Amino acid sequence: MNNGYTDPILAWYEANARDLPWRAPSATPWGVLVSEIMLQQTPVSRVLPVWHEWTARWPTAAALAAEPSGEAVRAWGRLGYPRRALRLHGSAQAIVERHGGEVPSSHEDLLALPGIGSYTAAAVASFAFRQRHAVLDTNVRRVFARLLSGDEYPPKSQTKAEVAQAESVLPLDPPTAARWSVAVMELGALVCTARTPRCVDCPVLDRCTWHLNGRPAYDGPPRRGQTYAGTDRQCRGRLLAVLRQAEGPVEKPALDIVWSDALQRERALDTLIADGLVDPLEDGRYALPG
DNA sequence: TAGTCGTGGAC
DNA sequence: TGTCCAAGACT
């Protein structure tokens with residue numbers, strides 16, 4: 001059980017964990033699920049205010065499921081990747097229809113919900129239900145790459161070896177495994193960061209393979225940087241922002257003015273409609289989905 | 001499987 | 001100032 005990493009990281013977590021509301025004893029499985037979806041590719045600081053709004057307005061899955069999906073998209077605000085709002089609304093409906101309104105506790109049932117992949121299913125089962133699962137997010141993968149493999153960064157896509165590695169150091173006792181998982185995530189978020197790790201604050205520095213090897217620089221293929229200006233994604237964001245801010249349906253010119261390239265604009269609008277994020281009304285106006 | 005999908009803060 | 005990055009999922 002004790003591999004030399006477990007105790008120092010758990011002790012570090014007890015002393016240094018952030019006081020986040022979805023970690024409070026009063027947090028419900030639904031609150032945990034909402035937080036996990038919002039936190040996908042999105043920093044904690046931006047999630048906090050939206051999470052408070054959501055859980056106050058929709059304290060249960062049933063409360064959200066009773067609303068039009070467009071309300072979820074509107075309340076998503078500027079968190080980004082708004083399809084997550086649609087999928088969270090879909091998850092709420094599925095939880096009501098298939099699970100009597102209670103967030104399911106099994107990894108399999110969680111995985112079957114829209115917008116929930118292997119990471120989020122493991123995270124909810126672990127953090128909300130104190131089960132034992134290997135929780136592999138970007139933080140955990142980076143910590144293990146450095147600590148165990150001696151690499152500055154993990155592979156671009158998750159490998160079976162990484163899963164086996166994570167399971168090999170996962171404490172056997174389920175509640176301890178759950179604390180361990182969140183502790184490693186927190187270590188990656190606060191100390192073992194991507195850009196400039198704060199190794200002086202690391203509780204397992206003397207056991208870190210990467211550090212012991214002299215912190216060799218990453219030598220793999222270049223990790224692609226994402227350009228954004230001028231992309232369809234930016235265009236979609238502009239169009240959807242118009243609809244979020246409007247009180248009701250909008251006329252086409254209100255959308256046209258936020259993006260000059262007509263061809264790209266029409267293409268982006270089509271994809272928003274195809275995604276179910278925008279509803280083209282029969283009178284020619286556009287609205288958030290009902 | 002590699003591309004797509006938002007947004008904004010940090011350095 | 002531009003690049004990098006943030007608790008991924010889906011196709």
Side-chain angles (χ1 to χ4, degrees), chain A residues 13 17-18 20-23 27 31-51 73 76-88 90-91 110-128 133-143 152-159 162 166 178 181-190 192-198 218 221-244 258-259 267-268 270-272 274-278:
Chain A
Y13 181 73
R18 289 169 292 181
L20 301 174
W22 44 84
R23 291 177 184 164
V32 172
L33 193 160
V34 171
S35 79
E36 288 301 336
I37 302 293
M38 289 182 172
L39 286 163
Q40 292 169 0
Q41 302 286 285
T42 308
V44 166
S45 60
R46 291 174 48 208
V47 166
L48 277 169
V50 184
W51 184 88
V73 175
W76 198 252
R78 306 189 66 81
L79 280 183
Y81 294 143
R83 291 184 296 187
R84 292 184 292 169
L86 228 42
R87 291 171 181 154
L88 189 46
S91 276
L110 287 164
L111 198 55
L113 298 174
I116 297 191
S118 64
Y119 161 75
T120 303
V124 173
S126 185
F127 304 151
H133 295 278
V135 178
L136 276 174
D137 78 323
T138 186
N139 289 305
V140 174
R141 295 182 61 220
R142 186 177 56 249
V143 170
E152 184 175 16
Y153 298 114
K156 279 188 295 187
S157 56
Q158 183 177 308
T159 65
E162 286 184 272
S181 294
V182 72
V184 177
M185 286 179 65
E186 192 76 337
L187 186 66
L190 298 182
C192 196
T193 54
R195 200 87 64 90
T196 309
R198 305 177 55 186
Y218 177 79
R223 303 181 299 153
R224 85 172 199 278
Q226 45 190 353
T227 56
Y228 181 60
T231 61
D232 285 8
R233 297 163 72 177
Q234 184 183 32
C235 182
R236 284 165 54 103
R238 292 261 188 92
L239 294 172
L240 199 58
V242 172
L243 293 179
R244 274 200 315 265
V258 300
W259 199 263
R267 181 173 68 225
D270 283 344
T271 66
L272 286 170
D275 285 345
L277 285 163
V278 172

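Chain letters run A, B, ... following the sequence lines, proteins first, then strands; residues in each count from 1. Keep in mind that this is a model prediction, so the values were computed, not measured.
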Residues forming a side chain to side chain donor-acceptor pair (under 3.5 Å) with A:Arg84, sequence neighbours excluded: A:Thr42
With sequence neighbours excluded, residues passing side chain to side chain donor-acceptor pair (under 3.5 Å) with A:Asp137: A:Asn139
Remember a base hit wins even if backbone is also touched, and classify [X] as base, sugar-phosphate or nothing at under 4.0 Å, heavy atoms.
X        : result
A:Trp76  : nothing
A:Arg142 : sugar-phosphate
A:Tyr153 : sugar-phosphate
A:Thr120 : sugar-phosphate

Counterpart residues, ring pair (Phe, Tyr, Trp, His ring centres under 6.0 Å), relative to A:Trp259 (two or more places apart): none
Distance test, side-chain N/O of A:Arg236 to OP1/OP2 of B:dG6, below 4.0 Å: yes
Side-chain N,O (A:Gln41) to OP1/OP2 (C:dG8) below 4.0 Å: yes
Distance, P atom - from B:dA10 to C:dA7, rounded to whole angstrom: 15 Å
Close N or O pairs between protein and nucleotides 8-11 of chain B (under 3.5 Å):
from	atom 1	to	atom 2	distance (Å)
B:dG8	OP1	A:Arg78	NE	2.5
B:dG8	OP2	A:Arg78	NH2	3.3

Determine all donor-acceptor pairs shorter than 3.5 Å in which one atom belongs to a side chain in residues 115-128 of chain A; sequence neighbours excluded.
from	atom 1	to	atom 2	distance (Å)
A:Tyr119	OH	A:Glu36	OE1	2.8
A:Thr120	OG1	A:Gln40	NE2	3.0

Set of residues satisfying side-chain contact (heavy atoms from CB on, under 4.5 Å) with respect to A:Arg87, sequence neighbours excluded: A:Arg83, A:Pro114
